[in-house]
Amino acid sequence: MKGNYKFLLLALLIAFASCSFTSKKFDNPDKDKLLIQLITYLLDQGHFDPQEINDDFSANVFEEYLNNLDPFKRYFYASDIKEFEVYKTKLDDQIKGYDVSFFNLTHDRLLQRIAESKKIYTNILEKPFDFSKNEEYSADYENLEFVNDKREMKERWRQQLKFSTIANYDDAIAQRDLNLESNNLPESVFSNENEKPKSKVKKSLKNIEAEAREATKKSLDELYDYIDDRRRTDWFSVYVNAIVEEFDPHTFYFAPEDKERFDRDMSGNFEGIGARLQKKMDGIMVNEIISGGPAWRANELEVGDQILKVRQEDEKEALNVVGMRLDDAIKFIKGPKGTVVTLTLKKVDGTVQDISITRDIVELEETYAKSSTVEKDGKTYGLINLPKFYINFEDYNKRNAASDIKQEIIRLKEQGVEGLVLDLRNNGGGSLQTVVDIAGLFIEEGPIVQVKTTGEAKEVLRDKDKSIVWDGPLVILVNELSASASEILAAAMQDYKRGIVIGSKQTYGKGTVQTVFDLNRMVRNNTNGDMGALKFTTQKFYRINGGSTQLEGVKSDVIVPDRYSYINIGEKDQENPLPWDKIDAADYSVWENYFDYDTTISKSKERMAANEQLKLIDANAKWVKKIRDREVYSLNYSDYKKEMELNEEEAKRFEKLSEYKTNLTFNSLPYEIKLMEEDSVLQEKRRRWHLALAKDVYIEEALNVLNDLKMTYAIKNKVANSVKN
């Protein structure tokens with residue numbers, strides 16, 4: 001697109017640097033300094049919103065970097081911070097001068113403090129904890145002050161270690177009580193020797209406390225083994241990212257190993273459990289379940305879960321991954337096809353649970369669009385699920401999301417459907433071109449999205465094909481995890497009044513596009529080794545009505561609660577997001593073939609307000625928010641236990657959520673039924689999908705909306721008359 005002109009010109013200048021297109025040279029023999037030079041030049045020349053590197057910028061980098069190094073404030077002392085603060089407003093000058101003396105100082109001091117802390121936790125864990133003592137632990141790390149002396153440091157560690165140990169203590173008591181109950185059962189109830197309780201001797205609380213402390217120590221020892229393995233380059237990447245993430249949350253430096261992982265992800269081939277993970281603070285969080293993969297099939301792992309421990313099938317003890325590098329943790333979570341990995345999870349509701357997943361090759365097929373028919377009140381409707389806007393970048397004419405959606409619509413029309421639901425929930429985006437083509441399947445012609453590059457006129461991307469593949473009632477389903485390309489499509493259909501958007505209060509709110517640039521392309525005769533890559537924001541999207549999807553996302557026509565309603569997971573909750581703004585609207589005409597569009601929305605809102613299942617979902621979402629936001633915990637075991645039991649009791653009221661069922665039956669299309677005759681895996685995937693759809697209150701309401709929408713003319717279901725060429 002023309003909007004890429006600025007970036008393409010930059011790439012040409014870099015590629016031909018030796019041919020005097022630019023006098024800029026990138027050949028500093030010091031790799032750290034060279035990396036700073038490359039990145040700052042690229043961001044200044046190519047970022048959508050280049051930042052002024054000044055004292056304010058310096059102070060922000062300073063705070064973010066130290067927070068990343070010591071989020072629990074258990075390494076550095078207040079005296080260290082005071083020494084570091086000399087640089088607080090000088091980092092801008094160091095960055096401009098490619099000076100890394102601040103990094104060198106903090107890196108050396110961090111390694112010193114980490115070594116000291118190992119002695120501290122080892123000494124503390126040699127003595128028993130008194131769980132009868134009345135004291136509380138605060139997990140509000142952001143508002144903690146750095147300690148002043150060794151006595152305060154030991155006390156901070158003692159509280160954190162006691163908090164970790166009380167959870168192990170509670171688990172051990174629960175396991176002991178379970179074993180005692182099992183001792184009273186007859187031998188016949190056990191299917192094998194492994195299920196029988198190992199001991200009939202009741203463990204004392206003293207022994208349980210000692211074992212709980214040992215478990216805490218083992219976890220920390222494992223963490224420190226991995227900290228010791230971290231190279232200087234790993235820590236330098238932390239510093240570099242503290243700099244680049246000041247530009248926006250999607251600008252990120254990939255060290256060489258990170259770049260390799262990014263390339264593997266982009267290829268679409270996943271081996272392991274089939275989940276995407278991200279690092280948040282010291283936690284490893286699940287941020288996507290790959291459809292059709294092992295985790296998806298096991299149906300126990302969820303977005304928002306934190307992975308605490310990993311155990312291989314041939315190991316007795318689980319490996320603690322809290323605080324571990326994401327790359328290192330992934331190495332233990334991934335593994336050969338057919339092997340079993342057991343994950344200890346902290347679920348989104350705060351409970352801790354073990355699940356086992358058999359690793360496999362994640363089939364790319366389940367990233368593709370899939371469709372189903374459903375009967376309701378004597379009418380047949382179609383449903384298309386689109387997990388992402390996929391594309392073959394080497395050849396657009398090969399399989400892509402737009403061509404697949406078109407084909408699925410044609411197949412659904414052959415079944416005589418009278419309305420269509422397009423499910424974009426959890427769709428994180430993808431190819432812009434496919435968005436434009438998919439939107440064009442539902443309108444005659446016109447603009448779909450506007451794109452802006454800094455310093456250039458806006459570009460309007462249009463559907464130029466006057467034919468329409470689907471001209472009947474349309475509903476778009478979204479949630480808080482619908483992002484980027486999903487938001488463009490939903491916004492276009494909303495602005496045209498072509499479809500009704502049902503879902504969360506707003507979508508994710510990512511209205512930007514990024515480019516990944518290989519930094520090695522900028523260096524001539526490189527002797528420093530692989531420099532990695534930089535992902536940075538180059539453009540911004542705007543709706544055809546002129547508003548940005550940045551931060552605000554797409555606001556649903558009909559808002560329905562879900563379990564993420566009160567959790568901060570959108571763009572607006574990230575650090576340094578680009579602002580919302582507005583440009584001139586494009587020239588477009590609203591779809592006029594519904595005569596009860598607004599009435600239908602009003603009726604849907606009334607139904608949603610009275611829906612008991614949605615009321616329970618909303619209550620559950622508020623409860624999950626309350627659990628996640630809790631920051632003060634009792635270190636008195638009696639009080640701690642009462643709090644846990646209260647949580648478990650409160651959780652029982654939400655068990656009814658999984659019991660909800662509609663009277664709807666979903667069916668695969670004829671072509672898939674034939675495929676299933678020889679593919680039992682596909683058959684099981686569709687069975688699982690249809691079962692989930694039949695329990696989905698959002699799908700149920702989408703069909704109600706389709707039933708309410710009235711057309712000013714008969715739907716063209718004759719395929720030959722309405723297919724785009």
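Because the structure is a prediction, the values reported are computed rather than measured.
Two residues are said to be in side-chain contact when any heavy atoms from C-beta on lie closer than 4.5 Å; K88 and E63 meet this criterion. Residues V147 and Y77 meet the side-chain proximity criterion, which asks for heavy atoms closer than 4.5 Å. Using a 4.5 Å cut-off on side-chain heavy atoms (C-beta onward), I166 and Y633 make no contact. Using a 4.5 Å heavy-atom threshold, the side chains of Y98 and L35 count as separate. With contacts defined as side-chain heavy-atom distances shorter than 4.5 Å, the pair R630/N647 qualifies. Looking only at side-chain heavy atoms (C-beta outward), Y566 and V624 stay at 4.5 Å or farther from each other. Between K218 and E317 there is a side-chain heavy-atom pair separated by less than 4.5 Å. Looking at heavy atoms from C-beta onward, L144 lies in side-chain contact with R156 at the 4.5 angstrom threshold.
Shortest non-hydrogen contact noted between N60 and E246 is CB-OE1, 3.2 Å. Smallest separation of non-hydrogen atoms from I627 and G350: CG2-CA, 3.8 Å. The two residues D30 and D32 come nearest to each other via the heavy atoms OD1-N, 3.0 Å. Considering every non-hydrogen atom in both G430 and A485, the closest pair reads N-CB, 3.7 Å. Shortest non-hydrogen contact noted between I284 and V321 is CD1-O, 3.7 Å. In this structure, V348 and V303 approach most closely via the heavy-atom pair CG1-O, 3.5 Å.
Remark: side-chain polar atoms of Q574 are paired, donor with acceptor, to backbone N or O of G570 under 3.5 angstrom. Side-chain N or O atoms of N636 include one that pairs as donor or acceptor with a backbone N or O of S132 at under 3.5 Å. Remark: side-chain polar atoms of N576 are paired, donor with acceptor, to backbone N or O of E245 under 3.5 angstrom. Judged purely by atom type and a 3.5 angstrom limit, E552 has no side-chain atom pairing as donor or acceptor with the backbone of W580. K96 contributes a side-chain N or O that, together with a main-chain N or O of I53, makes up a donor-acceptor pair within less than 3.5 Å. Under a 3.5 Å cut-off, the side chain of E487 and the backbone N or O of S484 do form a donor-acceptor pair. At least one donor-acceptor pair under 3.5 Å links the side chain of T507 to the backbone N or O of V554. In this structure, the side chain of D44 does not engage the main chain of Y41 through any donor-acceptor pair within 3.5 Å. Remark: the backbone N or O of D49 is paired with a side-chain donor or acceptor of Q51 at under 3.5 angstrom. A distance-only check finds no donor-acceptor pair linking the side chain of E152 to the backbone of F146 [under 3.5 Å].
Under the 6.0 Å cut-off for aromatic ring centres, F236 and F103 qualify, their centroids lying closer than that. Residues Y169 and F129 keep their aromatic ring centres 6.0 Å or farther apart. Aromatic pair Y640/F131: ring centres not closer than 6.0 Å.
With rounding to the nearest 0.5 Å, the separation of CZ in R563 from CH2 in W623 is 9.0 Å. Taken to the nearest 0.5 Å, the OG atom of S482 stands 13.5 Å off from the NZ atom of K510. Atom-to-atom distance recorded for L345:CG and E302:CD is 9.5 Å, nearest 0.5 angstrom. Distance check, rounded to the nearest 0.5 Å: CD1 of I120 to CG of L125 gives 11.5 Å. A distance of 6.0 Å separates CD1 of I307 from CG of L301, quoted to the nearest 0.5 Å. Atom CZ of R113 is separated from atom CG of L69 by 13.5 Å, given to the nearest 0.5 angstrom.
In the model, S504 has no side-chain atom that pairs as donor or acceptor with a side-chain atom of Y564 under 3.5 Å. Counted by atom type alone, H250 and E571 present one or more donor-acceptor pairs between their side chains at under 3.5 Å. Side chain to side chain, Q514 and T537 meet the donor-acceptor criterion of an N or O pair below 3.5 Å. Between the side chains of S164 and T216, no donor N or O sits under 3.5 Å from an acceptor N or O. When only modelled atom types and interatomic distance are considered, D92 and N54 share no side-chain donor-acceptor pair under 3.5 Å. When only modelled atom types and interatomic distance are considered, Y542 and D581 share a side-chain donor-acceptor pair under 3.5 Å. Remark: the S486 side chain and the Y508 side chain contain no N/O donor-acceptor pair separated by less than 3.5 Å.
Counting heavy-atom neighbours within 6.0 Å of K625 NZ, excluding the residue itself, gives a total above 12. Heavy atoms from other residues, nucleotides or ligands lying under 6.0 Å from NZ of K90 number 12 at most. Residue K582 qualifies as open at atom NZ: its count of foreign heavy atoms under 6.0 Å is 12 or below. Around the NZ atom of K505, the shell of radius 6.0 Å holds no more than 12 heavy atoms that belong to other residues, nucleotides or ligands. Surrounding NZ of K154 are at most 12 heavy atoms belonging to other residues, nucleotides or ligands under 6.0 Å away.
By the 4.0 Å N-to-carboxylate-O rule, D70 lies too far from K73 to be salt-bridged with it. The existence of a salt bridge linking R213 and E209 is confirmed by a sub-4.0 Å separation between a basic side-chain nitrogen and an acidic carboxylate oxygen. A salt bridge does not link K82 with E85: every distance from a Lys NZ or Arg NE/NH1/NH2 to an Asp or Glu carboxylate oxygen is 4.0 Å or more.
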**OP:** Would you check, one step at a time, whether the test side-chain contact (heavy atoms from CB on, under 4.5 Å) holds for L91 with Y239?
**Re:** CA-CA 11 Å; L91 294 183; Y239 178 58; 4.0 Å; yes
**OP:** Take V523 and N520 through the test side-chain contact (heavy atoms from CB on, under 4.5 Å) and record every step on the way to the result.
**Re:** CA-CA 5 Å; V523 186; N520 296 294; 5.9 Å; no
Subject >> Stepwise side-chain contact (heavy atoms from CB on, under 4.5 Å) test for F48 and T512 >> reply: CA-CA 9 Å; F48 179 85; T512 58; over 6 Å; no
Original post:
How far apart are the C-alpha atoms of Q539 and T453, what are their side-chain angles, what is the distance that settles it, and do they pass the side-chain hydrogen bond (donor to acceptor under 3.5 Å, both in side chains) test?
Top reply: CA-CA 5 Å; Q539 295 172 318; T453 302; 3.2 Å; yes
Original post:
Would R158 and N123 satisfy side-chain hydrogen bond (donor to acceptor under 3.5 Å, both in side chains), going step by step from the backbone distance to the final call?
Top reply: CA-CA 10 Å; R158 186 194 68 80; N123 290 334; over 6 Å; no
**OP:** Check step by step if side-chain hydrogen bond (donor to acceptor under 3.5 Å, both in side chains) holds for T351 and D349.
**Re:** CA-CA 6 Å; T351 59; D349 61 6; 2.8 Å; yes
Original post:
Run the side-chain contact (heavy atoms from CB on, under 4.5 Å) check on K162 and Y137 step by step: do they pass?
Top reply: CA-CA 9 Å; K162 189 173 183 180; Y137 172 71; over 6 Å; no
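By the 30° and 60° cut-offs, the orientation of the rings of F84 relative to F102 is perpendicular.
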